[in-house]
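Just so it is clear, the values below take in all heavy atoms, side chains as well, and ignore hydrogens, waters and symmetry mates. Predicted, not measured: the structure shown is a model, and the values here were computed from it.
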Amino acid sequence: MYVADSRSSKAPVAPAETRPGRREAADGAGPADGPRTGDGPRAAGRRTAVRAAVPGTVVALGVVSLVTDVSSEMVSAVLPLYLLTGLGLSPLGFGLLDGIQNGFSALVRLLGGHLADRRGRDGAPRHKVVAAVGYGLSALCKPLLLLVHTVPLIGAVVAVDRTGKGLRTAPRDAMISLATEPAHRGRAFGVHRAMDTAGALLGPLTAFLVLRLAGGPMLADGGQQQGYHAVFAVSGCVAVLGVLVLLLFVPNRLAAAGTPEGAGPSSAGPSSAGPSSAGPSSGAAGVPDARPRLRDGLALLRVPGLRRLTVCAVLLGLTTVSDSFLYLLVQRRLGLAVEYFPLLPLGTAGAFLLLAVPLGALADRIGRRRLFLAGHGVLLLAYGLLLSPLDGPAAVVCVLLLHGSFYAATDGVLAAAAADTVPAERRGAGLALVGTGQALARFACSLAFGALWSAVGGTTALTWSALALAGCVTGAAFVLREPAAAAAPVAAPGGPAPTTDDSEVPS
């Protein structure tokens, strides 16, 4: 039905290019028309490795996320002012509304991962279908904001938008992991997160331009809200574009990279399957169950590698102060002028954008779990800098760089590490488990930190959080220690030899 149906989702390993008069001999001889610099077998292998590291499916999903994030961040940039100033919602009410919706989105992520792993009549999982429903729900919500003008109705629309986000996250990450060779998953997730963050940077700037061009007031007053309505309308059009890119350029059928075409993830039989592939996700003959139950997805926590990652993600999430609180601390502790406060998220996003790809590639080399822990060590340095006597613009820049580095070293890296521990037929459910645990833990941390700030002050609350984070990093390093018998993953053609600290299910 769609253009993308005929496209392969696997990482390409293209044969050497052959043209009349420009043939490269397979036995190691030079080209037929004489030697050319950089065109030998090694150079061809390097080019093949680069293409294999970031397949076209990952780039297409990155474009979808970039466009969708432009749309979402356009609304997020103006919605607080619209609710607080235009509709009279209190800050406490807005905080509770936003927190509840984020927690609900995290729970819906489990359902999205479960539905994505269920197979259709053609035997293929429904990753793209569930992701399309999620992106479609978010696109539908943007124009609905033009029609609702009360806090309960706006809250309902935003809740549906967050439901769409929860549904699409796990299937999208599953498609990225299935389309990429295991040795290059860190780089692939880094590319996707960098493109996603580019959308987060462009969204607020686009909203600002739309507000100016629409001629509406920057703050809603007395019903003159045409500027905000223009933002909502443009955001809806941009979101529809993201859905179209998904439908047209992301393949429907996704086989795990390295699996022969037409073979399912468990087609090799029990003798070649990893230790977790015979779990609740397999049928009697080693064929994945087309109708897995939700509790079968929860049973994936029996897989040692996934269980350790989930426990560590929850522990570290419980001590990760939310971005909003961190920016408030930066503004107050480092003496930043109030008018520059809206620029703080752009500093974090800029550092994330620049570092996501190189740190993803570094994770492929040194081990994803090691970099995930190191990222939280970087966050601990940011906390320490906030608690130090330093102040001024230089301190602000350093904190934002460390904060963006933390996200670049943990966000996509955690998903890549989790993908290594889950069999392909349960990839969506496994990634949803880890992501949901981390999101709920961070939500709980936000509530606890807010209460602690109210009781003892922001500086004392951050000190206690830093001490707790240091303890959790130490504990997570112990939990994630690798068993001596861990199997080594197979390196992709032309790629670096991966470390053994990320493999629970041999590829």
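- Screening residues 399-419 for salt bridge (Lys or Arg N to Asp or Glu O under 4.0 Å), with sequence neighbours left out, gives R193-D411.
- Heavy-atom minimum distance, L480 versus C312: CG-SG, 3.5 Å.
- The backbone N or O of L316 sits less than 3.5 Å from a side-chain atom of T319, completing a donor-acceptor pair.
- Partners of R168 by side chain to side chain donor-acceptor pair (under 3.5 Å), not counting sequence neighbours, listed by chain and number: S138.
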If you look only at distance, which donor and acceptor atoms sit under 3.5 Å apart when one is on a side chain in residues 433-461 and the other is two or more places apart or in another chain?
residue: T436; atom: OG1; partner: A106; partner atom: O; Å: 2.9
residue: T436; atom: OG1; partner: A432; partner atom: O; Å: 2.7
residue: S446; atom: OG; partner: R442; partner atom: O; Å: 3.1
residue: S454; atom: OG; partner: G450; partner atom: O; Å: 3.1

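- The closest donor-acceptor contact from the side chain of D173 to the backbone of A415 lies at 3.5 Å or more, if one exists at all.
- In terms of the side chain to side chain contact (heavy atoms under 4.5 Å, CB included) criterion, residue partners of S405 (sequence neighbours excluded) are, by chain and number, L355, V378.
- Rounded to the nearest 0.5 angstrom, L115 CG and L167 CG are separated by 7.0 Å.
- With sequence neighbours excluded, the residues that form a side chain to side chain contact (heavy atoms under 4.5 Å, CB included) with L362 are L359, I366, L371.
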Could you list the donor-acceptor pairs under 3.5 angstrom formed between side-chain atoms of residues 380-387 and any protein atom two or more places apart in sequence or on another chain?
residue: Y383; atom: OH; partner: V321; partner atom: N; Å: 2.9

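- Judged by distance alone, the side chain of D196 and the main-chain N or O of L66 form no donor-acceptor pair under 3.5 Å.
- What you find for A188 and I176 is that their closest heavy atoms are CB-CG2, 4.4 Å.
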Trace of the side chain to side chain contact (heavy atoms under 4.5 Å, CB included) decision for K165 with R109: CA-CA 8 Å; K165 178 177 176 60; R109 190 179 303 184; 5.5 Å; no

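- Residue F372 holds its CZ atom at 4.5 Å from CG of L414, rounded to the nearest 0.5 Å.
- Separation of atoms CG (L344) and CG (L326) is listed at 8.5 Å; rounding is to 0.5 Å.
- Looking at residues two or more places apart in sequence or on another chain, you find a ring pair (Phe, Tyr, Trp, His ring centres under 6.0 Å) between F406 and H376.
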Carefully, step by step, assess R172 and S65 under the rule side chain to side chain contact (heavy atoms under 4.5 Å, CB included). CA-CA 9 Å; R172 179 203 65 201; S65 293; 3.7 Å; yes

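- Rounding to the nearest 0.5 angstrom, the gap separating the CZ atom in R185 from the OG atom in S177 is 5.5 Å.
- Side-chain contact between L205 and L201: absent, with no pair of heavy atoms (C-beta onward) separated by less than 4.5 Å.
- Between V64 and F249, every side-chain heavy-atom pair lies at or beyond the 4.5 Å cut-off.
- Qualifying side chain to side chain contact (heavy atoms under 4.5 Å, CB included) partners for S71, counting only residues two or more places apart in sequence or in other chains: K142, S235, V238, A239.
- Between atom CG of residue L401 and atom CG of residue L354 there is a gap of 9.0 Å, rounded to the nearest 0.5 Å.
- Nearest heavy atom pair, residue V422 against residue A418, reads CG2-O, 3.2 Å.
- Listed by chain and number, the residues in a side chain to side chain donor-acceptor pair (under 3.5 Å) with D323 are H403, Y407 (sequence neighbours excluded).
- One distance of note links CZ of R162 with OG of S72; it measures 8.5 Å at 0.5 Å rounding.
- Closest approach of A170 to L431, counting heavy atoms only: O-CD1, 4.3 Å.
- Proximity of a side-chain donor or acceptor of D161 to a complementary backbone N or O of C141 within less than 3.5 Å is not detected.
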Just do the side chain to side chain contact (heavy atoms under 4.5 Å, CB included) check on H127 and D117 with the steps written out, would you? CA-CA 7 Å; H127 297 121; D117 288 337; 3.4 Å; yes

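- Within the structure, no pair that satisfies the ring pair (Phe, Tyr, Trp, His ring centres under 6.0 Å) test touches residues 298-322, not counting sequence neighbours.
- With sequence neighbours excluded, the residues satisfying side chain to side chain contact (heavy atoms under 4.5 Å, CB included) with T197 are A349, F352, L353.
- Nearest heavy atoms, L400 versus A351: O-CB, 4.1 Å.
- The two residues L79 and V158 have their closest heavy-atom pair at CD2-CG2, 3.9 Å.
- Although no hydrogens or angles enter the test, the distance criterion places no donor-acceptor pair under 3.5 Å between the side chain of K128 and the main chain of P251.
- In terms of modelled atom types and a separation under 3.5 Å, the side chain of R187 and the main chain of G360 share no donor-acceptor contact.
- Each side chain to side chain donor-acceptor pair (under 3.5 Å) pair with one or both residues in residues 384-397, not counting sequence neighbours, would appear here, but there are none.
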